[in-house]
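Positions are given from 1, in the same order as the sequence printed here. Everything quoted here is computed from the prediction, not taken from an experiment.
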Amino acid sequence: MSVNGSEQKPDVREGIVQSTIPQDEIARLSDDIVAALKTVYDPEIPADIFELGLIYKIDIDDDRMVKIMMTLTAPGCPVAGEMPGWVENAVSAVEGVSGVEVEMTFDPPWTPDRMSEEAQVAIGWY
C-alpha cells in the first residue's frame, strides 16, 4: 500500500530487457548471424550447424557483442576443439558485430529431433 492508502501496482515492464539497438538493426543482425552460422558445417554430417539444431541461444548485447550457446552432436565429436572457433570466425565477419563469445554446453544433450526438416532431407532421413 502507498502512503495515501491506495494499493501500489507492480510495474509489469520491470525485468524486460530493452535494447539501445534499433529494431530494424536487430533484425538485420539476427538474419546475418543466422546466415553466417549456416556456413558452418559438421564435417561428418552434410548439414549446417544451425539446421542441425546445434545452436541453443544467440544473444546480441547493446555493444553488438554476440554470445552464442551451442552444443555438438556428441561430446566426443572429433571437431569439438575446432567448432567454436569456426563459429566465432563466421559470426565475426558479420557487419556490425563487435565480437563473439561461443559457449559449449551439453545440457540438454543434442538429439536428432532438434534437426530441421531441411537437415533431415540433407542427410536422407526425410
Side-chain angles (χ1 to χ4, degrees):
M1 259 216 208
S2 70
V3 280
N4 66 5
S6 66
E7 187 176 322
Q8 195 154 16
K9 295 183 179 178
D11 185 349
V12 295
R13 296 167 297 178
E14 188 176 317
I16 295 176
V17 177
Q18 296 294 326
S19 177
T20 59
I21 303 172
Q23 275 305 115
D24 60 333
E25 179 68 2
I26 292 261
R28 185 202 59 82
L29 276 171
S30 298
D31 290 346
D32 291 353
I33 289 166
V34 169
L37 291 169
K38 287 182 169 209
T39 68
V40 180
Y41 282 75
D42 183 316
E44 297 180 329
I45 304 171
D48 68 76
I49 63 169
F50 189 82
E51 296 298 335
L52 282 173
L54 299 182
I55 304 300
Y56 285 178
K57 186 176 181 182
I58 303 168
D59 284 330
I60 305 170
D61 292 342
D62 284 349
D63 63 357
R64 290 174 165 69
M65 174 64 113
V66 177
K67 296 178 182 173
I68 297 172
M69 181 179 293
M70 66 172 293
T71 194
L72 300 170
T73 54
C77 178
V79 294
E82 299 170 60
M83 184 80 71
W86 298 345
V87 169
E88 183 178 339
N89 289 339
V91 175
S92 292
V94 171
E95 183 181 338
V97 168
S98 66
V100 181
E101 291 178 13
V102 179
E103 179 184 343
M104 295 294 292
T105 185
F106 295 100
D107 185 28
W110 179 85
T111 60
D113 63 316
R114 295 189 58 87
M115 289 191 300
S116 70
E117 198 172 291
E118 181 180 318
Q120 292 175 14
V121 168
I123 64 170
W125 284 10
Y126 192 73

Exercise. Hey, what do you get for CE (Met104) to CE (Met70), rounding to the nearest 0.5 Å?
Worked result: 4.5 Å

Exercise. To the nearest 0.5 Å, how far apart are CD1 in Ile68 and CD1 in Ile33?
Worked result: 6.5 Å

Exercise. Measuring from Glu103:CD to Asp59:CG, what's the distance to the nearest 0.5 Å?
Worked result: 10.0 Å

Problem set entry | Asp24/Arg28 salt bridge by N-O under 4.0 Å criterion | no

Seminar exercise, completed: Nearest heavy-atom approach of Pro112 to Trp125 is CB-CZ3, 3.3 Å

Problem set entry | Verify same cluster id: Tyr41, Val34 (apolar side-chain graph, 4.5 Å) | no

Exercise. Donor-acceptor pair, Tyr56 side chain versus Thr105 backbone, under 3.5 Å?
Worked result: no

For this session: Kindly give the heavy-atom pair with the smallest separation between Val102 and Pro84, and that separation in Å.
Result: CG2-O, 3.7 Å

Exercise. What is the minimum heavy-atom distance between Ala122 and Pro46, and which atoms define it?
Worked result: CB-O, 3.3 Å

Exercise. Which heavy atom of Pro75 sits nearest a heavy atom of Ala80, and at what distance?
Worked result: O-CB, 4.3 Å

Seminar exercise, completed: Here the salt bridge (Lys or Arg N to Asp or Glu O under 4.0 Å) pairs for residues 63-83, sequence neighbours left out, are Glu25-Arg64, Asp61-Lys67

Exercise. Less than 4.5 Å apart, any side-chain heavy atom of Trp86 and any of Ile49?
Worked result: no

Problem set entry | side chain to side chain contact (heavy atoms under 4.5 Å, CB included) involving Glu44 - partner list, sequence neighbours excluded | Asp42, Pro78

Exercise. Going through the distances and angles, do Trp110 and Leu72 end up as a side-chain contact (heavy atoms from CB on, under 4.5 Å)?
Worked result: CA-CA 7 Å; Trp110 179 85; Leu72 300 170; over 6 Å; no

Exercise. Side-chain heavy atoms under 4.5 angstrom apart, residues restricted to Ile, Leu, Val, Met, Phe, Trp, Tyr: same cluster for Met65 and Val87?
Worked result: no

Exercise. What is the distance from atom CG of Leu29 to atom CD1 of Ile58, rounded to the nearest 0.5 Å?
Worked result: 11.0 Å

Problem set entry | From Thr73 atom OG1 to Arg114 atom CZ, the distance as rounded to the nearest 0.5 Å | 12.5 Å

Seminar exercise, completed: Output for pair (Ser116 OG, Asp48 CG), nearest 0.5 Å, gives 7.5 Å

For this session: Compare every heavy atom of Leu52 with every heavy atom of Ala47, then report the nearest pair and how far apart it is.
Result: O-CD1, 3.6 Å

